[in-house]
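Take a look at the structure below.
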Amino acid sequence: MSRDPVQSAERPTDDGGAPPGDAEAPFLDLLARGATADAYEQPVLRARAEGRPAERIAALEHAKLLALRVRAELEGRRRREAELSALFATAHDLAGLRDVDAVLQAIVQRARSLLGTDVAYLSLNDPARGDTYMRVTEGSVAARFQQLRLGMGEGLGGLVAQTARPYVTDDYFRDERFRHTTTIDAGVRDEGLVAILGVPLMLGPHVIGVLFAADRRARVFEREQIALLGSFAALAAAAIDTANLLTETRSALADLEHANEIIKDRSGVIERASDVHDRLAELVLRGGGVHDVAAAVSEVLDGTVEFTEADAAPAEALEASRAEGHAVPHRDGWIAAVTAGGELLGALVLRGHPGLDPVDQRTLERAAMVTSLLLLARRSAAEAEQRVRGELLDDLLDARDRDPRLLRERAARLRADLDATHVVLAARLDTAAPDADQEADARRRLWSAASHLAATRQGLAAARDGGTVLLLPLAPGDTATDLARRTARHLGTAVHEPVTVGASAPVAHPAADPDAVVAGYEEGRRCLDALRLLGRAGDGAAAEDFGFLGLLLAGDRDIGGFVERTIGQVVAYDARRGTDLVRTLDAYFACGMSPARTKDALHVHVNTVAQRLERVGRLLGDDWQSPARALEIQLALRLHRLAGPAQLNR
């Protein structure tokens with residue numbers, strides 16, 4: 001007979017407690033089985049019913065909360081994957097468009113399924129009659145509702161069609177923002193609808209219809225759901241536009257049947273459009289990138305197509321394309337804006353092809369749409385990875401009792417090795433923002449740049465204490481100081497503002513010693529504060545860069561390291577040659593840096609003192625008697641006497 005996972009996880013030990021570390025077991029089983037949220041209460045309730053110790057119940061409560069967070073994250077990711085899959089599938093349908101009604105029906109069905117609504121429907125504008133009418137419905141049961149026609153400004157749909165803006169209501173009949181009519185209200189009442197969301201179908205600046213999602217109960221539609229329905233509306237508009245274009249093409253071919261050359265040319269254009277649609281669909285399905293899209297369109301259009309960032313494209317032409325929703329001519333080519341939800345993501349630039357057929361123009365525009373989908377998918381994946389990297393570093397800093405094995409496994413999935421030597425870096429912007437919003441935006445840009453750097457260096461990054469903390473691997477032969485300075489330059493260049501970075505001493509095996517990571521972060525913050533106090537904003541440094549001040553900044557008070565850096569060469573010289581340079585230095589400083597008094601204290605000739613001091617200068621540098629260096633050397637000599645040679649060599 002199989003064991004109950006919950007009972008097994010709660011088996012008491014000899015002292016009446018539960019085996020350590022097994023509080024998570026019943027919840028891992030629930031996660032693996034995809035149990036409902038209610039099921040996560042059962043292990044806690046059972047433990048209470050069995051009279052388990054309070055510590056055991058608290059551990060189960062903590063594990064339950066963590067498991068529910070994991071379950072919510074998994075469900076969110078599944079939902080986002082389903083949304084992207086549906087958008088890609090719709091884009092694939094559009095690429096192989098043959099029947100516009102079938103594509104529109106699929107769009108409405110997918111919108112209803114993903115938003116989880118009772119009804120979804122699509123209406124189109126009728127320019128001849130000046131109103132909008134139902135074209136496709138899914139989930140509707142009322143005939144009068146399916147035959148509705150809405151005048152511009154009438155009802156929620158008429159208001160969307162008139163203003164070209166999305167509208168949502170959680171209670172249609174109580175909402176007075178739009179004009180109610182007897183006909184429309186009767187149709188909505190027959191259908192039993194309460195909550196309605198409508199988004200416009202746009203072709204450039206023109207509204208051609210409205211896509212709706214509605215429930216027969218009160219409901220609040222979230223911003224993500226509004227954006228998702230807007231994406232489906234964009235694809236629906238593209239399908240209608242493509243169908244209209246194909247209709248126009250067929251009509252032109254029929255009218256120009258007598259001109260064989262024109263027919264051949266038009267057929268070639270259509271074949272190229274079909275070819276590029278198939279290629280783009282294949283690229284999306286196999287996970288291609290934006291440059292793959294540009295290469296495919298280049299072959300079909302017989303020109304050079306490149307994807308460029310928004311700030312690298314001609315501003316006037318790019319803005320015109322964005323406003324019109326179409327590719328626009330520019331010099332010897334064309335520019336198609338790549339946008340998503342009103343955000344400008346870049347542009348597809350076609351060069352060497354000033355005369356572009358309308359079908360080829362639509363091909364370039366479709367390529368821009370597919371490019372925006374790919375960029376959004378890539379951004380979503382990158383943001384998810386950034387969050388995971390930040391959560392792992394937060395756990396190293398805040399939950400230091402985590403299992404090192406689990407920490408290593410999580411890091412390995414991010415291509416990070418927590419058994420290698422790392423450096424903890426605290427980074428902060430050093431320019432004051434004029435208001436809170438701009439300051440928050442600057443911090444987000446810093447965190448984004450730090451996350452990108454961590455991803456490329458197989459490290460971790462997280463937002464913390466008004467700045468950013470990074471855990472980066474230390475390459476052989478590299479130093480914490482070098483890494484801090486490079487990081488300050490890199491982040492400053494990325495955010496276009498000075499970024500100050502303080503670094504810890506190297507931390508070996510962070511997964512096995514999270515306390516060292518915490519201490520390293522505190523040391524990095526102290527170095528960061530010291531840099532700012534010294535007026536070195538925009539620079540990077542570690543404790544070893546501050547001389548004897550580094551003893552105060554360093555988390556481990558590395559006395560031996562300070563002595564070694566300051567007078568180590570003199571000590572080593574004495575050990576190799578059997579000389580008395582260290583004793584001579586002690587006497588020299590004790591005698592007020594007077595060679596004459598020093599020779600009396602040592603009972604040697606003054607020339608001997610001069611020769612020894614000359615040797616010290618060659619070992620320590622010509623500036624060893626400057627006030628700052630002399631102070632550090634005297635402190636190092638004092639620490640060397642107190643600690644003894646054994647301490648120095650540790």
Who passes ring-ring contact (aromatic ring centres under 6.0 Å, His included) against F221, sequence neighbours left out?
none
Would you mind listing every side chain to side chain donor-acceptor pair (under 3.5 Å) that reaches into residues 121-132, with sequence neighbours excluded?
S123-T132, N125-T132, D126-R149, D131-R149
Side-chain heavy atoms of V119 within contact of T137, under 4.5 Å
no
Donor-acceptor under 3.5 Å (S451 side chain, W447 main chain)
yes
Quick one: does H180's side chain have a donor or acceptor within less than 3.5 Å of a partner on D175's backbone?
yes
Donor-acceptor pair, distance only, cut-off 3.5 Å: does the side chain of E191 make one with the backbone of V141?
yes
Which heavy atom in P200 sits nearest to a heavy atom in A233, and how many Å separate them?
O-CB, 3.6 Å
Could you tell me if the side chain of Y133 sits less than 4.5 Å from the side chain of L124, heavy atoms only?
yes
Non-hydrogen atoms of A214 and T117 that approach each other most closely:
O-CB, 3.3 Å
Hey, what do you get for CG (L115) to CD (Q225), rounding to the nearest 0.5 Å?
5.0 Å
Flag the pair R217 and D170 as a salt bridge only when some basic side-chain nitrogen lies within less than 4.0 angstrom of an acidic carboxylate oxygen.
no
CD1 on I196 to CZ on F212, rounded to 0.5 Å
7.5 Å
Show your reasoning for whether side-chain contact (heavy atoms from CB on, under 4.5 Å) applies to L65 and H62.
CA-CA 5 Å; L65 294 177; H62 180 66; 5.5 Å; no
Please report the closest heavy-atom contact between P26 and L60, naming both atoms and the distance.
CG-CD2, 4.3 Å
With a 4.0 Å cut-off, would you call D118 and R112 a salt bridge?
no
Working to the nearest 0.5 Å, report the span between CD1 of I107 and CZ of F232.
7.5 Å
So which heavy atom on A327 is nearest to which on A336, and how close?
CB-CB, 4.0 Å
L197 and Y167, any side-chain heavy atoms less than 4.5 Å apart:
no
Partner residues of Q146 under the side chain to side chain donor-acceptor pair (under 3.5 Å) criterion, sequence neighbours left out:
S140
Tell me, do M134 and Q147 make a side-chain contact under 4.5 Å, heavy atoms counted?
no
Note: G153 and R179 closest approach over all heavy atoms is O-CB, 3.8 Å
Over 12 foreign heavy atoms within 6.0 Å of CZ, R216
yes
Apply side-chain contact (heavy atoms from CB on, under 4.5 Å) to residues L364 and W334 and explain how you reach the verdict.
CA-CA 9 Å; L364 184 62; W334 291 72; 3.9 Å; yes
I'd like to know if the side chain of S113 and the backbone of Q109 have a donor-acceptor N/O pair within less than 3.5 Å.
no
Starting at CD of E306, measure out to CG of L348 and round the result to the nearest 0.5 Å.
10.5 Å
Is V207 close to L201 at the side-chain level, that is, under 4.5 Å between some pair of heavy atoms?
no
I need the minimum non-hydrogen distance between L229 and A111, along with the two atoms involved.
CD1-CB, 3.8 Å
R135 side chain reached by D101 side chain, heavy atoms, under 4.5 Å
yes
Are there more than 12 heavy atoms of other residues, nucleotides or ligands under 6.0 Å from atom CZ of R177?
yes
How long is the straight-line distance from CD of Q105 back to CG of L122, given to the nearest 0.5 Å?
10.0 Å
V160 side chain near V199 side chain, heavy-atom distance below 4.5 Å
no
Hey, are the side chains of V194 and D215 touching, using non-hydrogen atoms and a 4.5 Å cut-off?
no
Measure the spacing between CZ of R48 and CZ of R56 and express it to the nearest 0.5 Å.
13.0 Å
